[in-house]
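Here the structure comes first, spelled out in structure tokens, and everything after it is commentary.
In what follows, chains carry the letters A, B, and so on, assigned in the order in which the sequence lines appear, proteins first and then strands, with residues in each chain numbered from 1. In this text the structure is predicted, and so the values were computed from the model without any measurement. What's counted below: heavy atoms across the whole structure, side chains too, no hydrogens, waters or symmetry copies.
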Amino acid sequence: MATKCKDYNFQEIEPHWQSFWEENHSFRAENGSTKPKYYVLDMFPYPSGAGLHIGHPEGYTATDIMARYKRARGFNVLHPIGWDAFGLPAEQHAVKTGTHPASNTQNNIANFKRQIKALGFSYDWDREIDTTDPKYFRWTQWIFLQLFKRGLAYVDERPVWWCPELRTVLANEEIVDGKSEVGGFPVERRNLRQWVLRITAYAERLLADLKGVDWPDSTKRMQEAWIGRSEGAEIQFQLENAALGSLKIFTTRPDTLFGCTYMVVAPEHPLVDALTTTEQKSAVAAYHKMASGKSDLERTDLAKDKSGVFSGSFAINPVNGQRVPIWIADYVLMGYGTGAIMAVPAHDERDHEFAVRYALPIVQVIAPAGEAIKLPYSGDGKLVHSGAYTGLDWPEAKRRITADLAARGVGKATINYKLRDWLFSRQRYWGEPFPIVWVSESDYRRAASLRQDLPAQAVTFAENGVTHFALPLPDAALPLVLPDVQSYLPSGNGESPLANETAWLEIWFNLETGAAVPSSQPLPAGTVWVRARRETNTMPQWAGSCWYYLRFLDPRNSTAIASPEALRYWGVPDLYVGGAEHAVLHLLYARFWHKVLFDLGVVPQSEPFTKLFHQGIILGEDGEKMSKSRGNVVSPDTIIASHGTDSLRLYLMFLGPLEAMKPWNPRGIEGVHRFLQKVWRECLTAEGAVNPKITASLPEPAELTKLLHETIKKVGEDIENLRFNTAISQMMIFANALQKAPQVDPSTMRAFLQLLAPFAPHLAEELWARLGEAPSILRAPWPAFDAAKFATSEVKLVIQINGRHRGDLVVAKGLSQDAVLELLKNHAKVTPYLDGKMMKRVIYVPGKIINIVTEG
RNA sequence: GCCCGGAUGGCGGAAUUGGUAGACGCAACGGACUCAAAAUCCGUCGCCCUCUAAAGGCGUGUGGGUUCGAGUCCCUCUCCGGGCACCA
């Protein structure tokens, strides 16, 4: 089975064992197994034209070691891979070359696959998935329909980022520093019809359930901050002009209500016009023009310089009846709370800055005990100048004031979130089409009488005075595939290239079956055909990655996203490894979809990723981020050719802690490569025969046996804790000892090869076979350690005098303090420090240290 | 500005609950083997003082503190990295 090479010829060995694994389907995960399961998942890649960079195999090697280790531990391991293959680069390539994005995507996938296979990862290739495959995105569309039916998807005309250069809309997260993340082009605001998912309905659960997951703290905190929960109150201020009603504000500090000296509404607030008095009209108009002319970049970047204008109107403070002037200023955002605030300049930095600039009064209402303070003050204290509430601690006052306002019907306790609903459409070709058609109101009502799968409230959109109704395709009509198009260029008016495909777009639609006929053809017979226009938006790239971890459980299922048995048996990943750049978006969106599927009873658990780990970034040799322009990029292909993939895998793990950012050192790989060669030489002679020192006829040194058992323990523990760098150190220590030992028991050598196998699987397979074992090291159960083998009766005790290390002593394990002190009387290195001194104190930690504190 | 993470030899890093700082590897230096080289093996390798000895002193970004004892705990500051950024 093995190769016959005499020296460590990795170029022959590695492809040999890769074909062996492939032919034997060695890594196939069994559905319906009685073994315990272990599901270890990588964030699947976007198959870019550039191919793999060194960061991919870092995370993938970590999960591969875990997968191989867990298999040896007797688990039925699911370790899959697939392609997140919709995306803007493929579309831009299509625009440029006129070729279908699918063909470019498939080429890229083939290249990625070749590279990944050369790394020897133990993926179950029978479960490979591709988000652009209609058999896959049929279920992405299906999940969208479930959201739609539950009222979690709606259409709204809203200001979105429009990039004239890319001729498409971008999401907030695709904008970096006011420019498009792809290409770095300028962007502007435009109002366009968009699909939006109601993720805010899940804000509370998305926040609360973070407590139960095993994730890096920093990632949890980022999600918490992104969701941004804050408790406060909505309070109504009666307007002085009673005809206008009241102005509703949100505050987290109702206890500072007596310090409210003015109010602010956002420039986009619906009451702005009504509040503006005749005298102020021109000033407000001028301000409004200036504020709307600011790009969002300016509005945030120039945040330090607050500006605003007086509306001319006043409101009445509900706690003390005072007249409060209402200002219009763009430091208040329409998108959060009610778009209006009460300003308390004494206790809010922003309000303070504004009040100083416009000479508005500042009234202190919170004072800490005793100390003098500088305003604005936002610390603890008791209320002052606050009528009946004066003297209360502010949290208590917050409760009471909120309750009193609620009793009067002018306020209520509320919770606000920074999280916004998720803008879920793109005006592009290369994405999942929405399984939605737009019909007239009367046709929608007919559909509603025929079908059970419509949302409680119709999703509509008004355009040029006509209201269109969103009608879902029946589940059975899925997938809705992309039509071929003449041009991949966006239409340029805010619709995708699909808007130009009249035959696909304008249709006769069968209300019951979802069948379609181009409207250019005659209306089909029957009463269930209506005139419809397809949705031209497509879904964002996030859609396919929101649920892919579920498809791996049962990837060929044509009747469900996965069978209930598979969903129950495999559940969710036991370990999920990927970059920290996905800390918020992907991981939040996927959690949202998973919770919806949980509510639908599709999945049996409410969180998708119970244990998450972020691998760090590998920097270039120069300590800078790898990039083509810096010329510091290391390609896995090059390293595999020069040192082999086992060396690459080992070195990626040996560089440092998995989560750390660490520079690539081209010479460092020599070190791990030498280690592998050393292992080879310990197993085989220069002629390729079994090394004669591997023999059971003479005993191996007891020290070696002891070290083996220590190594088994440490390597196992380190793998469980993803501390691969120290596991490798330990194996190097063992290999050094192996080299010095005159004889090695065959069982010792075998056990060591098994420890090495998850890290350097090709070499381990080869040596395993060359030592006469068959058929594969993958079948051998993980070696067990025997703690008795490394338990010792003697320990080294460190001796300190006054906290300074003065020597050490090997003593019997359970020795008493008095016995140790007796021994020290004759310890040459120690006695000079003790002679003639009084022992003031002795600290004795058995087995570790004895510290003697002397007088004077 | 706010939140989080980090700083240990020439380099990457190791160090359990506070208990011998520098494991393992890279680089460097000396030696063995060799006609020679590569490979391999043996040895040295934080800084200072010193005879290249013995012994000692200093040392984990800065300054302080707690402790018999601090890389590890507390406070201060500096620098580096990441996230958020008018969210009331």
Phosphate contact (B/A38 OP1 or OP2) by A/Arg674 side-chain N/O below 4.0 Å: no
Same-atom distance (P) from B/A15 to B/G6, integer angstrom: 14 Å
Gap in Å between the two C1' atoms, one belonging to B/G43 and one to B/C33, rounded: 15 Å
More than 12 heavy atoms of other groups within 6.0 Å of A/Gln739 CD: yes
B/C68 to B/G81 separation - C1' atoms, rounded to the nearest Å: 38 Å
Touch class at under 4.0 angstrom, heavy-atom based, for A/Asn725 against every strand present: sugar-phosphate
A/Asn416 side chain near B/A88 phosphate (N/O to OP1/OP2, under 4.0 Å): no
Side-chain ion pair, A/Arg229 and A/Glu224, N-O less than 4.0 Å: no
Residues A/Glu682 and A/Lys678 bridged, charged N to O under 4.0 Å: no
Nearest-Å distance once atom C1' is located in both B/A55 and B/U67: 28 Å
Touch class at under 4.0 angstrom, heavy-atom based, for A/Asp351 against every strand present: nothing
Nearest-Å distance once atom P is located in both B/G65 and B/C45: 35 Å
Touch class at under 4.0 angstrom, heavy-atom based, for A/Arg420 against every strand present: base
Short side-chain N/O contact to B/G25 OP1/OP2 from A/Arg667, under 4.0 Å: no
Sugar-phosphate only, base, or nothing, as touched by A/Ile733 at under 4.0 Å among non-hydrogen atoms: sugar-phosphate
Side-chain donor/acceptor of A/Gln800 to base of B/G19, under 3.5 Å: yes
A/Gln739 side-chain N/O to B/C41 phosphate OP1/OP2 under 4.0 Å: yes
B/U44 to B/G61 separation - P atoms, rounded to the nearest Å: 28 Å
Sugar-phosphate only, base, or nothing, as touched by A/Lys740 at under 4.0 Å among non-hydrogen atoms: sugar-phosphate
Touch class at under 4.0 angstrom, heavy-atom based, for A/Met661 against every strand present: sugar-phosphate
N or O in side chain of A/Asn736 less than 4.0 angstrom from B/G25 OP1/OP2: yes
Whole-Å distance separating the CG atom of A/Asp330 from the P atom of B/A88: 18 Å
Ring geometry between A/Phe354 and A/Tyr358 (parallel below 30°, tilted from 30 to 60°, perpendicular above 60°): tilted
Close aromatic pair by centroid cut-off 6.0 Å: A/Tyr651 and A/His673: no
A/Arg221, nearest nucleotide to its side chain (from B/C3, B/G83, B/C41): B/C3
N/O (side chain, A/Tyr331) to phosphate O (OP1/OP2, B/A88) under 4.0 Å: no
Sugar-phosphate, base or nothing in reach of A/Ile341, heavy atoms under 4.0 Å: base
Sugar-phosphate only, base, or nothing, as touched by A/Asn665 at under 4.0 Å among non-hydrogen atoms: sugar-phosphate
N-O pairing of A/Glu717 and A/Lys713 below 4.0 Å: yes
Side-chain N or O of A/Thr726 closer than 4.0 Å to phosphate OP1/OP2 of B/A23: no
